[in-house]
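Each ligand, and each atom within it, is numbered from 1 in the order the structure gives.
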Amino acid sequence: MPSRISDDVHQKQLDLYTIKELPESHAWRSSLDHDYQCNDSLESIPVIDLNDEKFAIENIGHACKTWGAFQIINHNISQRLLDNMEEAGKRLFSLPMQQKLKAARSADGIAGYGVARISSFFSKLMWSEGFTIVGSPFDHARQLWPHDYKKFCDVIEEYEKEMEKLAGRLMWLMLGSLGISKDDMKWACCGPRGECSALQLNSYPACPDPDRAMGLAAHTDSTILTILHQNNTSGLQVFKEGNGWVTVPPLSGALVINVGDLLHILSNGLYPSVLHRAVVNRTRHRLSVAYLYGPPSGVKISPLSKLVDQGHPPLYRSVTWSEYLGTKAKHFDKALSSFQLCAPRIGFANPKDRNSVQVG
Ligand SMILES: C=C1C[C@]23C[C@H]1CC[C@H]2[C@@]12CCC[C@@](C)(C(=O)O1)[C@H]2[C@@H]3C(=O)O
Ligand SMILES: O=C(O)CCC(=O)C(=O)O
Ligand SMILES: [Fe+2]
């Protein structure tokens, strides 16, 4: 599947809030298309209470192997901060289009306002808009609110600080259940982290024809792990082998954790990165905030030596975070398999098949 499509339709951000009928440019399928259906009758991702650390370690390991995702409660991020973050997102996306475009992401840049970065791989446009922050939000915030940027910056900075702490804690819990300790991964506990994570704000306006539209197309995150906060409107779905697409119901105050491609590599395929997407809604506006957690940029990521032996050869060659992001931007769903060393053993899903995405 997707090869990069480079025409300027992707640079054009329509004002989705005012459109009364789904334009052809945003129609991903006919309403009879059954591939799109999701299977919610069965089960969804586990909900894990971080207050009970012993239980948490066991349950997290199981969730990472079977789902690649789970929700957490009692994570110590205050409801006040989650509410403030949601409010900041709403303030941003409700600005007039010409104002938002002042902070537009540049053609080769990462940070700023615009359509999803993966849009260039699809012939149809997604029913969403995004704003990506790497490090300080200051420059863009000043363009958006020349006289009143401080409020936005303060919330973002506090959110990034708290998320970094939580992401570090989660990484050790996830690796802890594979028997990995801080001694096995020294780069992760020492030294400055610098700009090795990003904050992605996603807005999905109410959509006149949600069954034919797509909020955010199926993808895996390039991260070690992602912490996602969704407002009280559902839309996130994860793909599970055997179950198909499963909705992740919004739980007030809970956060969703996704296994990303770099943890897939570190764990030598034991924790497969989760394929997920966002669908849209006829009446409600949906907002999500993803904290994308990566390693310090110069560190080489490869399967952890404790997880490799004669019977379990390393499945991936080493790669840095910035090299991986570059490969993802160029090759999208082929990125992970392009770092693969040998064919996985029977029983492993082939990442190439797992990540294939259908359009149209
Ligand atoms: C740190 C990251 C991770 C990025 C790129 C960069 C900033 C924006 C992130 C996302 C967020 C939305 C899905 C994704 C697939 C996208 O299009 O932009 C992500 C991508 C990745 O996981 O590769
Ligand atoms: O909006 C969502 O629930 C998903 C967002 C997402 O996958 C991302 O930002 O990477
Ligand atoms: Fe994602």
Side-chain angles (χ1 to χ4, degrees), residues 2 4 10 45 68-69 71 86 89 93 105-106 108-122 126-135 160 163 167 194-205 214-239 245-251 254-265 273-281 284-297 319-336 355 357:
R4 203 148 167 187
H10 294 110
I45 62 173
Q71 304 213 56
E86 210 174 300
F93 291 114
R105 188 194 311 124
S106 63
D108 50 357
I110 293 191
Y113 172 78
V115 297
R117 240 166 70 114
I118 55 176
S119 292
S120 58
F121 295 97
F122 298 91
M126 300 175 206
W127 195 264
S128 61
E129 50 182 350
F131 187 75
T132 313
I133 300 164
V134 181
E160 284 180 331
M163 285 292 145
E195 287 181 358
C196 40
S197 54
L199 204 59
Q200 172 76 20
L201 281 61
N202 301 297
S203 166
Y204 308 91
M214 176 58 78
L216 187 59
H219 65 278
T220 59
D221 296 339
S222 302
T223 53
I224 292 179
L225 63 93
T226 302
I227 305 178
L228 188 94
H229 168 52
Q230 50 178 345
N231 75 350
N232 58 9
T233 300
S234 70
L236 175 65
Q237 297 178 343
V238 296
F239 189 81
W245 289 105
V246 180
T247 297
V248 178
L251 293 178
L255 294 164
V256 181
I257 312 303
N258 288 339
V259 172
D261 294 341
L262 291 188
L263 185 53
H264 184 128
I265 295 176
S273 53
V274 64
L275 189 64
H276 56 285
R277 68 181 184 186
V279 298
V280 292
N281 189 288
R284 301 174 68 139
H285 177 219
R286 176 165 183 272
L287 194 91
S288 74
V289 180
Y291 179 78
L292 298 130
Y293 183 72
S297 57
V319 57
T320 63
W321 174 220
S322 51
E323 190 187 353
Y324 195 85
L325 284 176
T327 306
K328 183 77 152 237
K330 239 189 179 151
H331 302 293
F332 185 43
D333 61 333
K334 311 286 187 298
L336 185 57
N355 285 357
V357 179

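With a heavy-atom cut-off of 4.0 Å, Asn258 does not touch ligand 2 at all. By the criterion of a heavy-atom distance under 4.0 Å, the side chain of His276, and not its backbone, is placed next to ligand 2. With a 4.0 Å cut-off on non-hydrogen atoms, Asp221 touches ligand 2 through its side chain and not its backbone.
Contact atoms of ligand 2 toward Leu216: 5 (C), 6 (C), 7 (O), 8 (C) (distance under 4.0 Å to a heavy atom of the residue). Set against the non-hydrogen atoms of Gln200, the atoms of ligand 2 under 4.0 Å away are 9 (O). Atoms of ligand 2 lying under 4.0 Å from any heavy atom of Ala290, numbered from 1 in the order shown and given with element: 9 (O). Within the listing of ligand 2, atoms 1 (O), 2 (C), 4 (C), 5 (C) sit less than 4.0 angstrom from a heavy atom of Tyr204.
When heavy-atom distances to ligand 1 are checked against 4.0 Å, the residues falling inside are Ile110, Arg117, Ile118, Thr132, Ala198, Gln200, His219, Asp221, Ser222, Leu292, Trp321, Leu325, Lys328, ordered by chain and number.
Rounded to the nearest 0.5 angstrom, Ser197 OG and Leu292 CG are separated by 8.5 Å. For the atom pair CG of Asp261 and CG of Asp333, the computed distance is 10.5 Å after rounding to the nearest 0.5 Å. Put simply, CD1 on Ile133 and CG on Leu199 are 5.0 Å apart, with the number rounded to the nearest 0.5 Å.
For the residue pair Ser288/Gln230, the side-chain donor-acceptor check at 3.5 Å is not satisfied.
Looking only at its N/O/S atoms, Asp221 has OD1 as the one nearest to the Fe ion (ligand 3).
Considering backbone and side-chain N/O of Gln230, none are found under 3.5 Å from N/O of ligand 2.
Here the angle at the Fe ion (ligand 3) defined by NE2 in His276 and NE2 in His219 stands at 90°, rounded to 10 degrees.
Atom 3 (O) of ligand 2 has Arg286 NH2, 2.7 Å as its closest protein atom, hydrogens excluded (heavy atom only). Distance from atom 9 (O) of ligand 2 to its nearest protein heavy atom, with residue and atom name: Asn202 ND2, 2.9 Å.
The closest approach between a heavy atom of Arg277 and any atom of ligand 2 is not below 4.0 Å.
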